[in-house]
2 protein chains.
Amino acid sequence: MDKVKTYKSDAFAAIHETMSGMYDAGVIGKKTMRQFDEACLTPVQAFSPTEIKALREREEVSQTVFALYMNVSKDSVSQWERGIKKPAGPTLKLLSLVKQKGLAAIS
Amino acid sequence: MDKVKTYKSDAFAAIHETMSGMYDAGVIGKKTMRQFDEACLTPVQAFSPTEIKALREREEVSQTVFALYMNVSKDSVSQWERGIKKPAGPTLKLLSLVKQKGLAAIS
DNA sequence: TTTTAATATCGAACCAAGTTCTATATCTTT
DNA sequence: AAAGATATAGAACTTGGTTCGATATTAAAA
């Protein structure tokens, strides 16, 4: 698969554990801890209807299957792709994960 | 991190690609394809307020940091843990991913 | 000590995402 | 010809997620 992304995740996890240890030991404060986590997070951007459809077709799945992965109804996926409903919050997070890591990342 | 889970994901991805190839070649139908995908998906169960708080504390992050990972407001996390709002759909999917693979899975 | 900042609870109000339903249409499969 | 998968369309409903202000505790910095 994508070794780079997997490596990055593992590295972040390892660093996070180290940082957590430093936090437990009182070396750093909670403020530093939060700022670190913010820097680690992959940015979550907006998706246009076309981008959502293109993303789904890139993964070669039907709206129904895509909906199963996202844990939403098939109608919701249809409405996203037609611009009737605009995904936000947790939904955008999932879409971002799929875009950056593929469907397998949320399987 | 967790080699077993990583392996499972990679294996599923590989099998999925194989299945996709079979589908493209006309060996299998869409129905079989969907049933396969359903079998691959990790089950998404409900979370009680206590379970959400325990999960967050297991990951050793504040409500604010946890909210950043989930791409929701910090108030939402607080409301989940107090039982005022019950996460559903995409949110439950993210919580399930965190429970099974850790916060790094959605970073 | 004082004060600043982070953390978390509480209650209220608003908006829109997500759900559900029915109907229609196309295409493939049996 | 029939059955099923896929996708669009529109409508009504429910509730999750957001935002705001206020309060309280704790830890860090002045």
Side-chain angles (χ1 to χ4, degrees), chain A residues 19-20 22-38 44 46-50 52-57 59-96, chain B residues 19-20 22-38 44 46-57 59-96 106:
Chain A
M19 294 291 280
S20 297
M22 293 173 71
Y23 167 69
D24 293 336
V27 179
I28 60 171
K30 287 186 178 180
K31 183 181 178 184
T32 306
M33 197 58 191
R34 194 192 64 182
Q35 289 174 341
F36 163 75
D37 280 315
E38 287 188 53
V44 176
F47 285 81
S48 72
T50 304
I52 296 176
K53 185 171 187 177
L55 177 59
R56 176 177 65 82
E57 292 179 338
E59 301 295 329
E60 295 181 303
V61 291
S62 65
Q63 289 179 346
T64 301
V65 171
F66 197 66
L68 286 169
Y69 275 85
M70 308 280 295
N71 200 37
V72 297
S73 70
K74 62 178 171 55
D75 297 87
S76 287
V77 175
S78 174
Q79 287 159 354
W80 297 343
E81 296 185 358
R82 283 178 291 145
I84 294 178
K85 294 293 172 67
K86 301 188 176 183
T91 308
L92 284 182
K93 178 73 187 199
L94 283 172
L95 287 172
S96 297
Chain B
M19 294 290 282
S20 295
M22 294 174 71
Y23 167 69
D24 293 338
V27 179
I28 60 171
K30 289 187 178 179
K31 183 182 177 184
T32 306
M33 193 62 190
R34 194 193 63 184
Q35 289 174 340
F36 164 74
D37 279 319
E38 287 189 50
V44 176
F47 284 82
S48 71
T50 304
E51 287 174 328
I52 297 177
K53 184 171 186 177
L55 177 61
R56 176 178 64 83
E57 292 179 338
E59 301 295 329
E60 297 182 301
V61 291
S62 65
Q63 288 180 347
T64 301
V65 170
F66 197 67
L68 287 169
Y69 275 86
M70 308 281 295
N71 200 37
V72 297
S73 70
K74 62 177 172 55
D75 297 87
S76 287
V77 176
S78 173
Q79 287 159 354
W80 297 342
E81 296 185 358
R82 284 179 290 143
I84 294 178
K85 294 292 173 64
K86 301 187 177 184
T91 307
L92 284 183
K93 178 74 187 196
L94 282 172
L95 287 173
S96 297
I106 66 169

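Chain letters run A, B, ... following the sequence lines, proteins first, then strands; residues in each count from 1.
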Student: If you measure from OG on A:Ser96 to CD1 on B:Ile106, what distance do you get to the nearest 0.5 Å?
Tutor: 11.5 Å
Student: Without decimals, in angstroms, what is the distance between B:Leu68 CG and D:dT18 C1'?
Tutor: 15 Å
Student: Reading nucleotides 24-30 of chain C from the 5' end, what letters show protein touch, with B for base, S for backbone sugar-phosphate only, - for no heavy atom under 4.0 Å?
Tutor: -------
Student: Could you tell me how far apart B:Ile52 (CD1) and D:dG16 (C1') are, to the nearest whole angstrom?
Tutor: 12 Å
Student: Which nucleotide in the list C:dA17, D:dT18, D:dA9 gets nearest to the side chain of A:Ala88?
Tutor: C:dA17
Student: For A:Thr91 and B:Pro90, work out which heavy atoms get closest and say how close.
Tutor: OG1-CG, 3.3 Å
Student: With rounding to the nearest 0.5 angstrom, report the CZ to CD distance, B:Phe66 to B:Glu57.
Tutor: 10.5 Å
Student: Could you tell me whether the side chain of B:Leu95 reaches within less than 4.5 Å of the side chain of B:Met70, counting heavy atoms only?
Tutor: yes
Student: Please report, rounded to the nearest Å, how far the C1' atom of C:dT7 is from the CZ atom of B:Arg56.
Tutor: 9 Å
Student: Taking all heavy atoms of A:Glu81 and all of A:Ile52, pick out the closest pair and write down the distance.
Tutor: CG-CG2, 4.0 Å
Student: Side chain of B:Ser62 only, please: which of D:dT6, C:dT7, C:dT9 is the nearest?
Tutor: C:dT7
Student: Using atom CD1 of A:Ile84 as one end and atom C1' of D:dT8 as the other, report the distance to the nearest whole Å.
Tutor: 8 Å
Student: Rounded to whole Å, how long is the line connecting atom CE of B:Met70 with atom P of D:dG16?
Tutor: 14 Å
Student: Please state how far atom CZ in A:Phe66 lies from atom P in D:dA7, giving the value in whole angstrom units.
Tutor: 12 Å
Student: Expressed as a whole number of angstroms, how long is the span from A:Trp80:CH2 to C:dT19:P?
Tutor: 8 Å
Student: From D:dA12, D:dT19, D:dT8, pick the nucleotide closest to the side chain of B:Gln79?
Tutor: D:dT19
Student: If you only use heavy atoms from C-beta on, which nucleotide in C:dG18, C:dC10, D:dT8 is closest to the side chain of B:Pro90?
Tutor: C:dG18
Student: Counting side-chain heavy atoms from CB outward, which of D:dT8, D:dG17, C:dT7 is closest to B:Lys85?
Tutor: D:dG17
Student: Got A:Leu94 and A:Tyr69 here, is their nearest side-chain heavy-atom distance under 4.5 Å?
Tutor: no
Student: About how many Å separate OG of B:Ser48 and NZ of B:Lys53, when rounded to the nearest 0.5 Å?
Tutor: 12.0 Å
Student: The helix from C:dT4-D:dA27 to C:dT30-D:dA1: angle between its terminal axes, five pairs each, to 10°?
Tutor: 60°
Student: Grab the CD-C1' distance between B:Glu81 and D:dG17 for me, whole Å please.
Tutor: 15 Å
Student: By nearest atom, which of the nucleotides D:dG10, C:dG18, D:dT18 is closest to the B:Ser73 side chain?
Tutor: D:dT18
Student: Where the side chain of A:Ser76 is defined as all heavy atoms beyond and including C-beta, which of C:dG18, D:dG17, C:dT9 is the nearest nucleotide?
Tutor: C:dG18
Student: I would like to know whether B:Gln63 and B:Asp75 meet side chain to side chain contact (heavy atoms under 4.5 Å, CB included); could you show each step before the answer?
Tutor: CA-CA 8 Å; B:Gln63 288 180 347; B:Asp75 297 87; over 6 Å; no
Student: Testing the basics here: between B:Ala46 and B:Glu51, what is the closest heavy-atom pair and its distance to 0.1 Å?
Tutor: O-OE1, 3.8 Å
Student: Could you check which of D:dG16, C:dG11, C:dT19 has an atom nearest any side-chain atom of B:Lys86?
Tutor: D:dG16
